[in-house]
Amino acid sequence: MKKIGAVVGVSLLAAIGVASLGSAQNATLKIGAITTLTGRLAEFGRQQKAGFTVAINELNAKAGSKGQQFELLLEDSASDVNKGLAAAEKLVNGNVGVILNEYSSSIVKAQAQYLSRQKVPNIIVSASDESITKPGFDYVYRINPPTDEYAKVLFQIFTDTGIKSMAILAGNGAFEKSVQASALEQAKLKNVEVVGNQVYDKGLTDFRPILNGFKARNPDAVFLVGYQEDSVAVMRQAKEVGLNPKLFAGGAAGFALPEFITGSGSASEYVVTATAWVPELKTPGNKNLYIKLVNALGGSEPTYHAAQGYAAVLVAADAIKRAGSATDREAINKALLSTDLQTSYAKIKFENFEGYKNQNRVSMVAEQVQKIGGRLQFVPIYPRSLFDAKLLFPTPAWDKR
Amino acid sequence: MLFEANQINVQFGGVKAVHNVSLTLQRGEILGLIGPNGAGKTTLFNALTGFVAKTGQVQLEGRDITNLPPFELPRLGVARTFQVERPFEDLTVLENVTISSFLRQTNAKAARNAALTTLERVGLLDRANQKCSELNLARRRRLEIAKALALEPRVLFLDEVIAGLNPPAQAEMIEFIRGLAKSGIGIVMVEHIMKVIMSLSDRVICMAFGEKIAEGTPQQIAQDPAVLDAYLGGIDD
Amino acid sequence: MTNQLPLLEVRDLDIAYGDVQVVFAMNMVVGQQELVGLVGGNGSGKSTILRAVSGMLKPKRGSILLQGQEISGISPHQLTDLGVAHVPMGRQLFPAMSVEENLEMGAYLKRSKANKKQNLEKVYAFFPRLLEKRKLFAGSLSGGEQQMIAIGRALMSEPTILLMDEPSLGLAPKVVQEVMQVIHSLRTLHLTVLLVEQNVRQVLKITDRAYVLEHGKLVIEGQSQGLLENDAVKRAYLGL
Amino acid sequence: MSEHTSQTRGMTTVPPLVLLAIVVVTIGLYPLIFGQFMNLGISILLFAGFALAWDILGGWAGQNSLGNAVFVGIGAYSVAILHQFGIAPWWGMLVGIGVSGLLAWGWGALTFRLRGSYFTLSTIAVAEIIRLIALNEDWLTSGSEGKNLGSLPSLFGLDLFDRRVEFYLVLLFVAALLAFGHWLKTAKLGFYLRAVREDEDSAMALGINPARAKLTAFVLMGMFTSIGGGLWLLYLGRIDPDTALVIPVSIQIALLAIIGGRGTIYGPLVGAFIIGIPSEIFRSVLKEANLLVYGVLIVLVIVYLPKGIVGTFEEWLYKRQHPLEKRGS
Amino acid sequence: MEFFSQGLQGLIDGLLTGGVYAMIGAGMSLIFGVMRVVNFGHGDFVILGMYAAFASNQYLKLDPYVSLLVVLPLAFVFGFVLHRAILAKLLGANDQTTKLATLGLGLIATNLVLLQFGTEPKTVYTEYATNAWRIPLFGLELRISEVRFYAVIITALLIFGLNMMLYRTELGRAIRATAQNRLGAELQGVDTKKIYAIVYGIGVVLAAAAGVLLLPLLSATPTLGSVFTNKSFVVTILGGLGSLPGAIGGGLILGVVESLGSSLFPLMNSHFGANYRDAYGLIIFLIVLLFRPEGLFGRTVKRV
């Protein structure tokens, strides 16, 4: 039985090998990418994939039919760490010079470690866990900002509005806890009293006990970090229990998604959230990018993950061009170190600071859900220098709306 | 005295399933246990072998074994079969018996050899590698006995190992049990084929409604009016 | 006696469990409104025959006729529909249901649903003790009372024949007599009953006719009265 | 009584050691042929190891655990936590084995009084509680961020981050479990476990203490699984609760063994390959339907091949070797 | 004072949550009580219910509560057919096998949902979902969520209806009879295989109903199945496997324990709080499992 199993296994493996390597001899410049197209995190993969596609098309259109064409080798990690590693290996074996690395911190970290050991440069697109660029792996670069930035932009608002106390609620995922830690640090720095601090486990989300606890302490601001399903539930329940702070602040993730508004309806109004990118940003070509991303997503609203995916491809292509090779990993690595590229997402430059290594600095945007023309939508408000719209403050009590 | 039970009582809920039953057993003796359905014979077996909670006292060669859990008894030399034979269906005949012989052998090879010897003794050697689920009833009965014998018991409780067999198989089994007793094992057996129990037993105990109603040689029992009543049904009072 | 078609007839019945044959060439007839006993010692095959008649197992050979119609191989719940009621060994009551509900379960099938009320009254009239305790859980009643429920439940299905499997099993001697009296009085309801029992004295006292089995074979049959004096019966029981 | 005594026939013609050697060497060739798919190979083999360990209790003793992720996690975290203090992974693994063994012992001593599904339910509950502890006790586990391995000392001059080294370490782990399976097949413990699995009352009548037999199997399962957990950490380079301690990991471990065939020595290994390789193909071909196929396969196996793949094969082999002789005494 | 007010509010919230837990547990308990099968896929049927309500909202524009009228009959047919087609084949197999089969069915159910709807959480927005009644009490203001109150009322009605069915109808009597003594029921002419399929169908209905009722409150995600399954284990073990009133008690206890644990621990400046929310129920579950496996309210009824 065993032997039959082995024979079957061997032939199947051979089949995968042939299938995946069959196209390796073309003249296109290859960029590897891993994201979650299936499984529990597939939604983020969909966004990133749209960004990738838009960027590749843009690059190839610019090069024209005579110029060298780029090709994206996209692998699915299926939301599973072992499968992600198998995918990374497949790309490494496919002689790819640079790999774009996806969203979920726990999957990304294992891949980043593996890829640095294989000496393959990899660009992290959206994973926000601080520890990815903190341990200082070589060959690891990150486009998206560290979580400090999420907290910083919101605390700027706190300072401007004179908020003195806050309560914070975060999920126990790596990203949420990272933002939570940054927020607590900022609170200390800015002298904001923390009157409540709770972590919840993912799953059946009944936030009422926590929100009631917050309500009793009457904080000026409530700082929330969570994914989409949680962001919706927490705002609905905040309304239900009658929690009335002067400001609800969301630390990106679920609060920055369009589904946050559709899901929580009127409960989402006045909520301020940090985000890494908005279409209103006056970066070059941003309006155009937005339109292309909407098209690539089949009409649905793009999130910052899509814009980050877009930028990552451009950064990789830029490094390949400057390295003069799509396969020479050392040359590409060197080129990435000296990246200085303005994209529609943001300006990209990998720096070492505050213990981070090869980390891009992006200042975050804050947006507020406001009713415009009877429709609730995200309105970017911070940094004030970039946008015209004003923060609506303080948030009216639920029964006064 | 090889084995002795005093004043055994078993209670299920409010029902007295066994009431004040005592028995003794000598080396090499066959003690027959009879009684109509529901008289409590099997319950008594279960009580004596530790499977059912009881009050009273049980002694093996003077040692008190009343409160030992069932899995301690085989090591001391008390083995039993089950009324509905319960081999480990998915295992082969040899494997079934090997499990038992591990009680006395620590080494796998020795256990296997001991099991083979036991199988030869009960005439199942040629079926050693067959799965139990494929054995016919007579062979399953023999396997059940082989499993108990491989424990090298001094006291053996046999629960209806003959009923259901065809006459030649019955005769074989009777001879075999006699041989066991001759080798010095004390045997307590429940059986409802009277002919068998009467010809095989040295002594017979008759139970009815959970109580011992008669005890004696097969001849005495056969003539005891209480036994007749128990079987034919109570007389009016 | 059998001036008309017998209600139940068993012809040349062989039954085996796997490779073990337990009933050999059994022949038996139960006439209308007869109370017939089927007796024998432990393992004589009497309950096995009853199980074959009630559809719980399939005979190896032979036929079972209900009013001339072959019924072997029909499933128990279909047989119930044909008017065969079974008072099973161990009673098989629903312990956490009330006495009344247990009785009502007997009228589960359509054929007996219509007259459920009247039948319930009849059963209560027959067993006044059950009427007293109709609200109690069946599991809380005594063994004898539980046997009455089992019988009452069978009556609820308006049976053409009642099969009873060892109703005395596990009951104290006094209660056995009481149950036997109940069975005896069933004849006032003009029922046909096949009673399987090991308690031969009691059975022979209350039945019209009886069949005595030993080791799966018919030893003797005949009018119950006087059968007890027959040595064959004693032999069948004590094997002496 | 004995009518004829013929020679007893062996069930398989291949001696166990030879079979084991063939299997291990065949798998050992993998890196030479599929050097490009080391990650795939390691993860399949590692989960085969988890499933083989699960089988000690699940297959041989018939007690299904749906919480084995706990032992995976303990193994991985022991190595990772001690690594921070400069303690080498092999010592960390030893500690993991010890902790897992203790946990299994205490837990089993409490729960094996219960029969049937209650044990399985308790495994799920304990696994969930441990997951919550790992998530929330940051001082010990770094919470959801997880623990990273930095550099590792070399083991006899081998680089523990080298995929080939890792592969052969995992193979060693699997080989040890297979050898243990072969031993179990003939040893007292193995016989006792099977007896308990089939019928606890009968087993007691043969002098077997079921609670003790099950407890032994449980402790062994925990210890073996935690070795695998340590190896998984080396391979991943990091560990966090979402990776190691979640219910799907526990379920996957159990299902690989069940699909391959419980209590058959090689079943879990076959199960891991039969599920692992197609799922790698499905990953790129079937996309979203990937997990669905997995579920359907499970139901099909349970309904139509309740003994699993190897179990069904063995049954077929047995029937071929033992044509049904005319029965009757 | 804070302790008291938080505790009281927590108690109310816990009871409201517990009502829905009770319904999930009731289905599980019914299936076990009649068929002696632990339904490891139970939580996945809750997910199916959520998505069914989501789909009827999306395509038929039905309010989630109205969609109960569509979803519940479908759920019954689904469960009935599932039992007839697959689980009935396993009657008589050991309970390990059946248990694993239900686990596999759950996996299929969730993955079908995943295939159809993707993984992003699906939400149905209803304006009433966030309304709450305010009840002044000794200067405190307690809040009772309207929609959750209705959910509990519907739960109560369904369980009451189920109870009426079990205790007042022929079918119910046949179900109870089958549960207590399958052979005995068979002898009265009950087709017990069909009863099993019906009971499985009802179990799925209860799970799906819980899913529908939760949709206005939570987002539907395909991966939540095991969370619900775990809740139903806890509920049924607390209440005693197979006991319907026990499931109600178990559900309420679980809801209250989780709610009070999450709200009262933080007041003591404890490290515990909502972060260990699931653990509170599980620890009680383990204690009951070890020391009172028949459940908190369990009385073992003697079999005749």
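Sequence lines set the chain letters: A, B, ... in the order given, protein chains first and strands last, and positions in each chain run from 1.
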Taking atom CD1 of A/I261 and atom OH of E/Y125, what is their separation to the nearest 0.5 Å?
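It is 12.0 Å, given to the nearest 0.5 Å.
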Tell me, out of [options], who's got the most heavy-atom pairs with chain A below 4.5 Å.
options	result
E/G273, E/A132, E/S145	E/S145
E/R148, E/K122, E/E146, E/R134	E/R148
E/L267, E/L264, E/T126, E/L217	E/L217

Residue [X] versus chain A: region with a heavy atom under 4.5 Å:
X	result
E/V124	backbone
E/T17	side chain
E/S262	both

For the residue pair [X] and [Y], establish whether any side-chain heavy-atom pair is separated by less than 4.5 Å.
X	Y	value
A/D206	E/R277	yes
A/Q198	E/P266	yes
A/R236	E/T123	yes
E/L218	A/E229	no

Heavy-atom count check: over 12 atoms from other residues, nucleotides or ligands less than 6.0 Å from A/E185 CD?
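No, because the 6.0 Å sphere around CD of A/E185 holds 12 heavy atoms or fewer from other groups.
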Counting neighbours of CZ on E/F117 that are heavy atoms of other residues, nucleotides or ligands and sit closer than 6.0 Å, is the number greater than 12?
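Enclosed.
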Hey, which of A/D201, A/I210, A/V199 is the one that makes side-chain contact (heavy atoms from CB on, under 4.5 Å) with E/N275?
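With E/N275 as partner, side-chain contact (heavy atoms from CB on, under 4.5 Å) holds for just one option, A/V199.
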Please say which of A/R208, A/E240, A/K215 ends up in a side-chain contact (heavy atoms from CB on, under 4.5 Å) with E/R143.
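Of the listed residues A/R208, A/E240, A/K215, the side-chain contact (heavy atoms from CB on, under 4.5 Å) partner of E/R143 is A/K215.
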Just give me the residue among A/R46, A/Q237, A/M235, A/Q228 that pairs up with chain E most often, heavy atom to heavy atom, under 4.5 Å.
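The option with the most such pairs is A/Q228.
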Could you have a look at A/G213, A/G171, A/A233 and say which one has the most heavy-atom pairs with chain E under 4.5 angstrom?
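Among A/G213, A/G171, A/A233, the one with the most close pairs to chain E is A/G213.
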So which part of A/S266 gets closer than 4.5 Å to some heavy atom of chain E, the side chain, the backbone, both or neither?
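Backbone plus side chain of A/S266, per the 4.5 Å heavy-atom cut-off to chain E.
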